[in-house]
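Side chains are part of it too, since the values below use all heavy atoms of this structure and drop only hydrogens, waters and symmetry mates. None of these values were measured; they are calculated from a predicted model. Indexing begins at 1, ligand by ligand and atom by atom, following the structure's order.
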Amino acid sequence: MSGAATNYEVCIAGTGSYVPERVLSNEDLAKSVDTSDEWIFTRTGIRERRIAAEGEFTSHMASKAARKALEQAGLEASEIKLIIVATITPDTLTPATACYVQQQLGAMNAVAFDISAACSGFLYAMKICKRLIADGAFENALIIGAEKLSAFVNWEDRSTCVLFGDGAGAAVLRRSLPGEGEILATEMGTDGNLTHLLNIPGGGSACPITSENVGTHLATLAMQGKEVFKHAVNRMKEAAETVIRRANLQAEDIACVIPHQANLRIIDAIAERLSVPEGRVFVNLDKYGNTSAAAVAIALDEAARSGAFKRGDNIVLVVFGAGLTWAAAAVRW
Ligand code: UT7
């Protein structure tokens, strides 16, 4: 680490993603809870989601996504200096999932820790790492959004179990070389007055799981969907506008908006409010549902690899989640 006052530009040098093999379709779910493909698709835009295999943990998915990002960035695991895993479904409460990932990758020269900012975690990690690399504190960083939400869903509650899925996405950040892309602007926010709208109430120190409450689903996701929806639209719109303005861009300069993948109606509402030209918003939630911190990271990787934008294009990432938390980033690719 160096204490010198520097201000390096920071770029995304590689991305990667991984989703488990097992597909759980809306029709499959309709066999176990009172729901239908029609309800789920029209209300959310989701057709199916992926479910981790027995013995497949958040760290395993994170490492698989990370290896692809490292390969694209042309870096060996041993060259990575910092690993941040954004997750609300860690392998264990402690140590951090990032420590397991460090071991699995053999990234033994990296400092590794987790952050818990729900669906916003990947962009929180991006902002933190951009600053740390810009300051010269770290040469590069591996940021990962990874979730095994299937382990924290109440499979008897149709209002939540149809929404979530498992997966991981990763990105390697490093100092940019002349002519390379750059993370232009970042924004993040939190409203702790609204913790009750979306949470996992049990399993922490406030409400440990005991023999008395073990069957009550306290350690599963609980959400007041309608309320969350309203805040999601407003906060994501504001955060996206903030980074577009700070990056000195106009809506028409954005080649691709990559939003959190929770609900197609939320995505459509944001696209409309931002006045981004049609067809420039990336959506993959039909295949994966809401994978929380992993969602925007998987979407970024899939969008980049599918040619949704090219080198030199401006893109905007924007997310929202429990906390409530929100974040955005404007990036020149
Ligand atoms: O990732 C973090 C951020 N999360 C989000 O952004 C999620 C935001 N919220 C949402 O996406 C939506 O609020 C949901 C998709 C969760 C729910 O959609 P909604 O249009 O707000 O529906 P609702 O909760 O008001 O439920 C409407 C009806 C209810 O029945 P009644 O009371 O009108 O008779 C529900 O019981 O739909 C019923 N319902 C279902 N029916 C069939 C709820 N879940 C289901 C289901 N299948 N799976």
Side-chain angles (χ1 to χ4, degrees), residues 24-49 86-89 116-124 145-150 152-167 169 188-192 194-200 217 220-240 258-271 273 281 283-286 288-299 317-328:
L24 184 68
S25 69
N26 291 348
E27 285 86 1
D28 294 333
L29 273 169
K31 289 177 196 151
S32 56
V33 282
D34 181 14
T35 190
S36 63
D37 175 52
E38 203 265 331
W39 190 96
I40 301 170
F41 187 68
T42 51
R43 297 282 176 138
T44 69
I46 300 166
R47 286 283 191 208
E48 57 191 39
R49 68 287 297 141
T87 188
I88 54 166
T89 55
S116 174
C119 311
S120 306
F122 184 74
L123 293 192
Y124 270 42
E147 303 285 8
K148 185 177 172 176
L149 288 158
S150 60
F152 294 87
V153 160
N154 175 357
W155 290 103
E156 292 166 15
D157 175 13
R158 68 175 184 175
S159 71
T160 51
C161 75
V162 303
L163 304 173
F164 299 102
D166 300 336
M188 55 185 188
T190 305
D191 186 351
L194 299 173
T195 51
H196 58 286
L197 293 184
L198 176 49
N199 60 17
I200 298 176
H217 298 297
T220 59
L221 278 155
M223 175 164 70
Q224 295 180 33
K226 268 204 185 332
E227 276 303 299
V228 173
F229 191 112
K230 275 190 292 187
H231 291 288
V233 172
N234 294 332
R235 292 301 193 181
M236 284 205 274
K237 172 196 170 267
E238 285 163 13
I258 302 171
H260 175 48
Q261 307 284 315
N263 189 316
L264 189 57
R265 290 183 293 143
I266 295 177
I267 294 174
D268 287 343
I270 296 160
R273 283 166 175 74
V281 179
V283 176
N284 65 2
L285 93 164
D286 51 320
Y288 308 133
N290 181 348
T291 57
S292 188
V296 77
I298 297 171
L317 303 138
V318 60
V319 293
F320 179 85
L324 298 178
T325 56
W326 55 92

Return all side-chain donor-acceptor pairs below 3.5 angstrom for residues 225-236, not counting sequence neighbours, or 'none' if the list is empty.
| unit_1 | atom_1 | unit_2 | atom_2 | d |
| --- | --- | --- | --- | --- |
| Glu227 | OE2 | Lys230 | NZ | 2.7 |
| Asn234 | ND2 | Lys230 | O | 3.4 |

Out of all atoms in ligand 1, which are within 4.0 Å of some heavy atom of [X]? Include the element for each.
X: Asn290; result: 1 (O), 2 (C)
X: Met223; result: 4 (N), 7 (C), 16 (C)
X: Ala262; result: 1 (O), 5 (C), 6 (O)
X: Thr35; result: 42 (C), 46 (C), 47 (N), 48 (N)

task: Show your working on side chain to side chain contact (heavy atoms under 4.5 Å, CB included) between Ile298 and Tyr288 and close with a plain yes or no.
output: CA-CA 9 Å; Ile298 297 171; Tyr288 308 133; 3.9 Å; yes

Considering only protein heavy atoms, which is closest to [atom], and at what distance to one decimal place?
atom: atom 2 (C) of ligand 1; result: Cys119 SG, 3.4 Å
atom: atom 9 (N) of ligand 1; result: Gly225 O, 3.0 Å
atom: atom 14 (C) of ligand 1; result: Asn263 ND2, 4.4 Å
atom: atom 20 (O) of ligand 1; result: Arg43 NH1, 2.8 Å

Under 4.0 Å from [atom], is there any protein heavy atom?
atom: atom 24 (O) of ligand 1; value: no
atom: atom 40 (C) of ligand 1; value: yes
atom: atom 48 (N) of ligand 1; value: yes
atom: atom 34 (O) of ligand 1; value: no

message: Among Val296, Ile267, Asn290, Ile266, exactly one meets side chain to side chain contact (heavy atoms under 4.5 Å, CB included) together with Gln261. Which residue is that?
response: Ile267

Between [options], which one has a non-hydrogen atom sitting closest to [atom]?
atom: atom 3 (C) of ligand 1; options: Ile266, Val228, Asp157; result: Val228
atom: atom 18 (O) of ligand 1; options: Lys226, Arg265, Gln224, His260; result: Arg265
atom: atom 30 (O) of ligand 1; options: Glu38, Arg158, Lys230; result: Arg158
atom: atom 15 (C) of ligand 1; options: Thr44, Thr325, Ile267, Val162; result: Thr44

Kindly say whether [Y] contributes a backbone atom to a donor-acceptor pair with the side chain of [X] at under 3.5 angstrom?
X: Thr291; Y: Gly167; answer: no
X: Asn263; Y: Arg43; answer: yes
X: Arg158; Y: Val33; answer: no
X: Thr325; Y: Ala117; answer: yes
X: Arg49; Y: Leu24; answer: yes

field: Side chain, backbone, both or neither: Thr160 near ligand 1, heavy atoms under 4.0 Å
entry: neither

Under-4.0 Å heavy-atom contact with ligand 1, by part of Trp39 that carries it: side chain

message: Looking at ligand 1, is there an atom of it that comes within less than 4.0 Å of some heavy atom belonging to Leu198?
response: yes

query: Under the side chain to side chain contact (heavy atoms under 4.5 Å, CB included) criterion, do Leu149 and Asp166 qualify, and how do the steps go?
result: CA-CA 6 Å; Leu149 288 158; Asp166 300 336; 4.1 Å; yes

message: Determine whether Trp326 and Asp191 satisfy the following criterion, side chain to side chain contact (heavy atoms under 4.5 Å, CB included), listing intermediate values before the conclusion.
response: CA-CA 9 Å; Trp326 55 92; Asp191 186 351; 3.9 Å; yes

task: Please name all residues satisfying side-chain hydrogen bond (donor to acceptor under 3.5 Å, both in side chains) with Thr87, sequence neighbours left out, ordered by chain then number.
output: Thr89, Glu147

Intermediate values then yes/no, side chain to side chain contact (heavy atoms under 4.5 Å, CB included), Val162 and Asn26: CA-CA 7 Å; Val162 303; Asn26 291 348; 5.8 Å; no

